[in-house]
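Written out below as structure tokens is the structure these notes cover.
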Amino acid sequence: MNKEPLLILAICFILGIFFQDQFLLGKTWIYSLAILDVGILISLFLTSYFLHKIRGVLLGVLFFGVGVILHFFNNSSPRANSYTAESTTIIFKISQKLNSTEKYKKYEGIGQLGDSQFNSVFYIPKNHEELDFKHYYRAEAYITQPRQPQYDFQFNYAQYLKRKNIDHQTYISKGFSSVERNDLSFTEQIKQYRFNVLKKIDKTEMSGNTREFLKGIILADRTEMDAGTVQDFNRSGLVHLLAISGTHIVIIFGLFYSLMVRCIPLRIRKYAVVLSIMFIWLFALFIGFGSSVLRSCIMLSVYFIFVLLQRKPDLLHSLALSAFIILMMDTQQLFDVGFQLSFVAVLGIFWLNQPLLKYFPRADNYLKKLFFNTVTISLSAQLATLPLVLYYFHQFSLVSIVANFVIVPFSEGIIVFSFLMVPLIAFGLDFSFIDAVYDEVIQILLKVIHWFAGADMVLIKSIPMNFTEVISVSIAIYFLRALILKINLKNSMNFIMAVLAFFTIRIGCNIIENKREEVLLHSFSKDKIISIKQGNKVCFWIPERVGREKVLQFIIHPYCSSRRIDHFEIKKIPFSTKKIVFRDHVYDMK
């Protein structure tokens, strides 16, 4: 507690949120816990030898309780009435655009039915023009509530929406009309201006992939990015290049700071830091306060506040403080995958980067320093986030390590070039030559990434990983630092024991799962699919008209990773099949 008090208290706070989310304590328990926290808070001001000895424990319990209480009230916020209507007329406005699908453009927004309002995801036909923030829309709609997943291995989209306080899905059919709003809030005006900039980018003569890349890397808009391009970034392990994160914020801060120090007189040069911090917060406001953006801005701000106050900056204090601020505003952010990966990546860089750098020669010039730091930072972040990546996505490509070493050193130039392109386009400064150069650079980049993504031989899919295994692997990574710093018997044994513990847990989970035999009937759109599992093998019986790729993505791969399947087989059944009999049980296929 004496070394990293803020980090330990942040961990206690986070554990409290997890505890409440898992056990859902009622009001009686919450009020009792609140009284206990008040008692602890009062005791901290008392002078007692015994209380002084257990002060750290009391603080941990206090912050654990605060996490439980905050998450309780966050979950208990009043919700709108539930609606289900096959066809009704609604009025709605949008608050955020989501990633489009093959059939629909998706938006988050607020709908009004009669005198009541409800939060919903709105599905608009793909061929309809873009919706903006300065209009109210009226249309006939089909309102549903998100369905719970059929089985435990499927993504719980209903819970995901519930964490965002969304209880409905609305499909717009016809009768579309709009009227301009006169009640735009300041935030909505910013969103509308960003929308206008995105439309200007769409009107440039650059190729479609380049335009979508530019919108993603600077303006955090990947809603219309080609599915193949997104898959390339995912398979090559370079999706972090598109996600606005600490790298982007630091580079943009450095760019603005370098301009300020050249424009501001020497006697007030220190204000360049303050102006640069203000600029990155304005930038974060413009692109929307995503968790990684907010975390990066808070950490950078805290770091330079320490510098301005002539105090020694502390990365872990900055990280813990940013976690407190984000989670106190919305405890549900803790369950966002991007939030978790973002914070774990920073912890990994803190824990492993400097030990790994000791194995490289002394960097006596800028290029060597850039390359060595790129390698160690990428490796540290990938090692730290690997357990979570396998837990959530169940796949990993070995080529991602090489791809990061090749692409990331050039990311600073790509981000700066992209950042300079946006204001040129926003202010209508059309330079065809610059557009052509940028287009060519990005096309080369996308081709290189596509080449890395094409290495299917090193892409491992359906990797099983449960929460217990995540903890055991994380413990092994924790002991890895000491082993890197000093290879001796003690450090080696600690690391080896952690690795053996992981394999013991993994083998035990495999044995338990392989003993299970089950037959499941899966609903897939309007069709039914049967899976028959025996040991570590499974056979899927699918109708002839059902596409293989969709079934692999949404049924087979999730099932295989959940049930620890080593081999699966796909067999087709005629579309006319109405029933299947297996082991005296009849399965209805219609």
Min side-chain heavy-atom separation [X]-[Y] under 4.5 Å:
| X | Y | result |
| --- | --- | --- |
| L356 | I484 | yes |
| V337 | F393 | yes |
| K103 | K126 | no |
| C297 | F289 | no |
| F283 | V293 | no |
| F479 | N491 | no |
| L219 | F286 | yes |
| E130 | L198 | no |

For [X] and [Y], indicate whether the former's side chain and the latter's backbone hold a donor-acceptor pair under 3.5 Å.
| X | Y | result |
| --- | --- | --- |
| H248 | L241 | yes |
| S380 | I349 | no |
| D232 | I449 | no |
| Y137 | D132 | yes |
| Y391 | V470 | no |
| N404 | S400 | yes |
| E188 | S185 | yes |
| D226 | N209 | no |
| K191 | Q96 | no |

Do other residues, nucleotides or ligands put more than 12 heavy atoms under 6.0 Å from the [atom1] atom of [X]?
| X | atom1 | value |
| --- | --- | --- |
| Y359 | OH | yes |
| E205 | CD | no |
| M278 | CE | no |
| F372 | CZ | yes |
| H135 | NE2 | yes |

In this structure, is the centre-to-centre distance between the rings of F324 and F63 below 6.0 Å?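 They qualify: ring centres under 6.0 Å apart.
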
Determine whether the aromatic ring centres of residues F18 and F335 are separated by less than 6.0 angstrom.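 Yes, close enough.
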
Could you verify whether a donor N or O on one side chain and an acceptor N or O on the other, from [X] and [Y], lie under 3.5 Å apart?
| X | Y | result |
| --- | --- | --- |
| E108 | S95 | no |
| N74 | T331 | yes |
| Q332 | D336 | no |

Aromatic Y136 / basic R181 pairing, under 6.0 angstrom, 45° off normal: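 The answer is yes; both the distance and angle limits are met.
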
Could you check whether the rings of [X] and [Y] sit parallel, tilted or perpendicular, using 30° and 60° as the cut-offs?
| X | Y | value |
| --- | --- | --- |
| Y160 | Y157 | parallel |
| F256 | F279 | parallel |
| F92 | F122 | parallel |

Taking all non-hydrogen atoms of both residues, which atom of [X] and which atom of [Y] are closest, and how far apart?
| X | Y | answer |
| --- | --- | --- |
| A320 | A10 | CB-CB, 3.9 Å |
| L6 | H317 | CD2-O, 3.5 Å |
| K105 | E129 | NZ-C, 3.9 Å |
| K200 | A426 | NZ-O, 2.7 Å |
| V261 | S258 | CG2-O, 3.2 Å |
| L214 | S418 | CD1-O, 3.5 Å |

Decide, yes or no, whether a salt bridge links E212 with K215 under the criterion of side-chain N to carboxylate O below 4.0 Å.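 Salt bridge between E212 and K215, a charged N being under 4.0 Å from a carboxylate O: yes.
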
Pair E224 + R211, salt bridge at N-O below 4.0 Å: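 R211 and E224: not salt-bridged.
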
To the nearest 0.5 Å, tell me how far [X] [atom1] sits from [Y] [atom2].
| X | Y | atom1 | atom2 | result |
| --- | --- | --- | --- | --- |
| T376 | Q354 | OG1 | CD | 7.5 Å |
| Y303 | L308 | OH | CG | 11.0 Å |
| L131 | K97 | CG | NZ | 8.5 Å |
| N234 | T229 | CG | OG1 | 11.0 Å |
| I252 | S296 | CD1 | OG | 10.5 Å |
| F343 | S322 | CZ | OG | 3.5 Å |

With side chain to side chain donor-acceptor pair (under 3.5 Å) as the criterion, how do S207 and T210 come out once you've worked through the C-alpha distance, each side chain's angles and the decisive distance to 0.1 Å? CA-CA 5 Å; S207 59; T210 301; 2.9 Å; yes

